[in-house]
Amino acid sequence: MKTIKVSLKENSYNILIGQKILPRLGSVVKTFKIGDDAIIISNPNIARRYGKIVIRSFHQAGITSKLFLVPEGEQSKSAEVAFTLISAIATYAALKKPFIVALGGGVIGDLAGFVAAVYRRGIPYIQVPTSFLAQIDSAIGGKVGIDLPEGKNLVGAFYQPKLVYSDIDCLASLPVRQLRNGLAEAIKYGIIADKNLFAFIEKNHQLLLNGDRAKLLELVERCCRIKTNVVQADEKETKGIRSILNFGHTFGHAIEAASYYRTYQHGEAIALGMRMAADLSFKLKRLSLQEKKRIQDLISLVGLPQEMQDLKTAQILKAMRHDKKFSAGKNKFVLVNRIGKVQLVSGIPLGLIQDAIRSNSKS
Ligand SMILES: NC(=O)c1ccc[n+]([C@@H]2O[C@H](COP(=O)([O-])OP(=O)(O)OC[C@H]3O[C@@H](n4cnc5c(N)ncnc54)[C@H](O)[C@@H]3O)[C@@H](O)[C@H]2O)c1
Ligand SMILES: [Zn+2]
């Protein structure tokens, strides 16, 4: 089992990564003394595969547990689902000392973390991420929350878990589209912080897509280290450092919003966004043509979208103006100087932004 320590001013915790470690979850958690009753939050698809293993592991460790299911999909990151869940937990756990276990992808992690943050003004929780994206991204960093009809992730908190526990074997049942979705974020980590990681994905993309456990384990560990370093340097996103994680996301979020979150998975939209951000960096003479090509080629190699379909440049620009990360209407982009090195730049001419979108669109 690999251990990565997330060192924060308060509330430091470990990320444990390994193979076939899910059956040992209960005994590991027992040593943390965070409660007597595990409230496991999951969805039917994930619980069907991994629920029993997790429940048994708590039982064997002498911890009672109860499974609470929410429907699969982003629609569960809603106030309605969150408060229905909180009421059910309040009824069940009235006289107990509960802690929460988020068993699932990023949707479950964000929702369960949010519930943990607000129920009784905060109870302990652990992340047991089962999707690739959740293992390398959403389970780390303490951002928890739900969506509003007005926008995604508009209600939430920074609330750190007591432990992140990632079993690579869970990825075996993950659909390949979801694996690609996470690979977009892994490529992003290479671009923002580690050219060797980028080269690792270039070299091993086929093995990774085929579900090679050793390569996936290495990739999850390397990505977790990068996200951990960024989070440690800027826990609450107040120092501008954490914003490098938004590479490709200004365009990407606008693509997701303009298509009403229907056409593209998050990673697919981010892949298009990274193509556009690489183009913009090239147009601003920051990035060489060769490195721009390497970025765009890798995105194609792993099977992420090659061009944006069915959306107009004007729709993307309009959605961008509503992005909560645009401060006072001034545009801000994370641009790449070379693979492994990025920089936050603001006040970019509209014409160049339009060109970058157009160069990566079908129409
Ligand atoms: N908190 C953060 O810092 C942060 C960062 C990035 C993304 N997010 C959030 O994460 C969410 C996206 O996460 P996601 O991509 O994991 O989506 P998801 O949670 O919807 O999971 C994707 C799909 O894969 C299924 N799945 C998960 N694990 C599986 C497994 N082992 N086997 C089979 N199927 C499995 C899920 O049921 C779901 O259908 C979004 O809501 C996004 O806002 C949060
Ligand atoms: Zn993302």
Side-chain angles (χ1 to χ4, degrees), residues 22 41-51 53-54 69-78 81 102-114 117 125 127-147 151-161 164 166-189 191-192 211 216 223-224 227-228 230-231 235-237 242-253 255-257 261 264-274 277 325 334:
L22 209 51
I41 300 177
S42 195
N43 74 29
N45 178 26
I46 296 159
R48 180 168 60 80
R49 299 170 201 275
Y50 305 109
I53 304 175
V54 170
L69 296 180
V70 300
E72 188 170 21
E74 183 75 26
Q75 72 270 17
S76 276
K77 263 175 68 174
S78 68
V81 171
L103 175 67
V107 165
I108 295 291
D110 283 12
L111 170 73
F114 175 74
Y125 81 112
Q127 291 276 13
V128 185
T130 60
S131 74
F132 183 49
L133 181 125
Q135 292 190 349
I136 67 168
D137 188 359
S138 60
I140 313 156
K143 277 192 185 179
V144 298
I146 54 175
D147 305 331
K152 259 184 64 115
N153 299 321
L154 283 181
V155 179
F158 286 99
Y159 191 62
Q160 303 294 346
V164 180
S166 290
D167 189 334
I168 298 297
D169 281 6
C170 292
L171 304 181
S173 57
L174 195 68
V176 71
R177 186 174 179 194
Q178 293 303 335
L179 201 57
R180 290 197 172 104
N181 194 35
L183 273 172
E185 303 284 0
I187 293 171
K188 178 193 79 179
Y189 287 129
I191 296 170
I192 64 172
L216 282 169
C223 290
C224 283
K227 178 133 188 198
T228 296
V230 174
V231 168
E235 182 186 350
K236 304 226 165 123
E237 208 164 359
R242 204 161 165 157
S243 64
I244 65 168
L245 295 170
N246 279 324
F247 177 69
H249 281 58
T250 306
F251 288 112
H253 284 149
I255 294 169
E256 287 184 289
Y261 299 92
Y264 298 105
Q265 304 261 330
H266 175 70
E268 294 165 353
I270 277 10
L272 288 168
M274 291 194 292
K325 300 228 162 73
V334 181

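One-based numbering, in listed order, for ligands and for the atoms of each.
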Exercise. What protein heavy atom sits nearest atom 21 (O) of ligand 1, and how far away is it?
Worked result: Gly105 CA, 4.2 Å
For this session: Check Gly113 against Tyr125 and note the closest heavy-atom contact, atom names and distance.
Result: CA-CE1, 3.6 Å
For this session: For ligand 1, note which part of Val144 has a heavy atom under 4.0 Å away: side chain, backbone, both or neither.
Result: neither
Problem set entry | Side-chain donor or acceptor of Arg242 paired with backbone N/O of Glu235 under 3.5 Å | yes
Exercise. Ser76 side chain to Pro71 main-chain N or O, any donor-acceptor pair under 3.5 Å?
Worked result: yes
Exercise. Would you say the side chain of Cys223 lies within less than 4.5 Å of the side chain of Asp137, judging by non-hydrogen atoms?
Worked result: no
For this session: Taking only heavy atoms of Lys227 into account, list the atoms of ligand 1 that are under 4.0 Å away from them.
Result: 3 (O)
Seminar exercise, completed: Restricting His266 to its N/O/S atoms, the closest one to the Zn ion (ligand 2) is NE2
Exercise. Going by the atom numbers of ligand 1, which of them fall below 4.0 Å from some non-hydrogen atom of Cys170?
Worked result: 30 (C), 31 (N)
Problem set entry | Separation between CG of Leu245 and OH of Tyr189, rounded to the nearest 0.5 Å | 6.0 Å
Exercise. Do any heavy atoms of Phe132 fall under 4.0 Å from ligand 1?
Worked result: no
Problem set entry | Per-atom contacts of ligand 1 with Ser173, taking only distances under 4.0 Å to non-hydrogen atoms | 30 (C), 31 (N), 32 (N), 33 (C)
Exercise. So is there a nitrogen or oxygen of Ser131 less than 3.5 Å from a nitrogen or oxygen in ligand 1?
Worked result: yes
Exercise. Are any non-hydrogen side-chain atoms of Met274 and Phe247 less than 4.5 angstrom apart?
Worked result: yes
Exercise. Which is it for Arg49 and ligand 1 at heavy atoms under 4.0 Å: side chain, backbone, both or neither?
Worked result: side chain
Problem set entry | Pairwise distance CG(Leu174) to CD(Gln135) - rounded to 0.5 angstrom | 8.5 Å
Seminar exercise, completed: Numbered in order shown, the ligand 1 atoms found under 4.0 Å of a heavy atom of Asn153 are 43 (O)
For this session: List the closest protein heavy-atom neighbour of atom 39 (O) of ligand 1: residue, atom name, distance to the nearest 0.1 Å.
Result: Glu72 OE2, 2.5 Å
Problem set entry | Enumerated ligand 1 atoms positioned under 4.0 Å from heavy atoms of Lys152 | 40 (C), 41 (O), 42 (C), 43 (O)
Exercise. Going by the atom numbers of ligand 1, which of them fall below 4.0 Å from some non-hydrogen atom of Thr130?
Worked result: 27 (C), 28 (N), 29 (C), 30 (C), 31 (N)
Exercise. Given that the side chain starts at C-beta and the backbone is N, CA, C, O, which of these parts of Leu171 lies under 4.0 Å from ligand 1, counting heavy atoms, or is it both or neither?
Worked result: neither
For this session: Find out whether Lys77 and Phe114 are in side-chain contact, i.e. whether some heavy atom of one side chain is under 4.5 Å from a heavy atom of the other.
Result: no
Problem set entry | Interatomic spacing from OG in Ser131 to CD1 in Ile46 - rounded to 0.5 Å | 7.5 Å
For this session: Could you list which atoms of ligand 1 come closer than 4.0 Å to a heavy atom of Asn181?
Result: 15 (O)
For this session: Just need the protein heavy atom nearest to atom 26 (N) of ligand 1, so name the residue and atom and give the distance.
Result: Leu174 CD1, 3.8 Å
For this session: Ignoring angles and geometry beyond distance, decide whether Lys143 reaches within less than 3.5 Å of ligand 1 through its nitrogen or oxygen atoms.
Result: yes
Problem set entry | Where Asn153 and Asp147 come nearest, the two heavy atoms and their spacing | N-OD1, 2.8 Å
Problem set entry | Residue His249 atom name (nearest to the Zn ion (ligand 2); N/O/S) | NE2
Problem set entry | Main-chain N/O of Leu272 paired with Tyr264 side-chain donor or acceptor, under 3.5 Å | no
Problem set entry | For atom 41 (O) of ligand 1, closest protein heavy-atom neighbour | Glu74 OE1, 2.6 Å
Problem set entry | Side chains of Lys188 and His249 in contact at under 4.5 Å (non-hydrogen atoms) | yes
Seminar exercise, completed: The atoms of ligand 1 lying under 4.0 Å from a heavy atom of Gly106, numbered in the order shown, are 10 (O), 11 (C), 13 (O), 14 (P), 16 (O), 19 (O)
Problem set entry | Donor-acceptor under 3.5 Å (Tyr159 side chain, Val144 main chain) | no
Exercise. Any N/O/S atom, backbone or side chain, of Glu185 lying under 2.8 Å from the Zn ion (ligand 2)?
Worked result: yes
Exercise. Tell me: protein heavy atom nearest atom 9 (C) of ligand 1, and distance?
Worked result: Asp110 OD2, 3.4 Å
Exercise. Considering only protein heavy atoms, which is closest to atom 12 (C) of ligand 1, and at what distance to one decimal place?
Worked result: Leu133 CD2, 3.9 Å
For this session: Measure the distance from atom 24 (O) of ligand 1 to every protein heavy atom, then report the residue, atom name and distance (to 0.1 Å) of the closest one.
Result: Gln178 CG, 3.8 Å
Exercise. How close does the nearest protein non-hydrogen atom get to atom 8 (N) of ligand 1, and which residue and atom is it?
Worked result: Ser138 CB, 3.6 Å
Problem set entry | From Leu111, Ile108, Thr130, Leu69, residue fulfilling side chain to side chain contact (heavy atoms under 4.5 Å, CB included) relative to Asn43 | Ile108
Exercise. Would you call Lys152 and Glu256 a salt bridge, using N to O less than 4.0 angstrom?
Worked result: no
Exercise. For ligand 1, which part of Asn45 has a heavy atom less than 4.0 Å away: the side chain, the backbone, both, or neither?
Worked result: side chain
For this session: Answer with side chain, backbone, both or neither: which part of His266 has a heavy atom less than 4.0 angstrom from an atom of ligand 1?
Result: neither
For this session: Determine yes or no for a side-chain-to-main-chain donor-acceptor pair under 3.5 angstrom, with Glu268 supplying the side chain and Gln265 the backbone.
Result: yes
Exercise. For ligand 1, does Val107 get within less than 4.0 Å through its side chain, its backbone, both, or neither, judged by non-hydrogen atoms?
Worked result: both
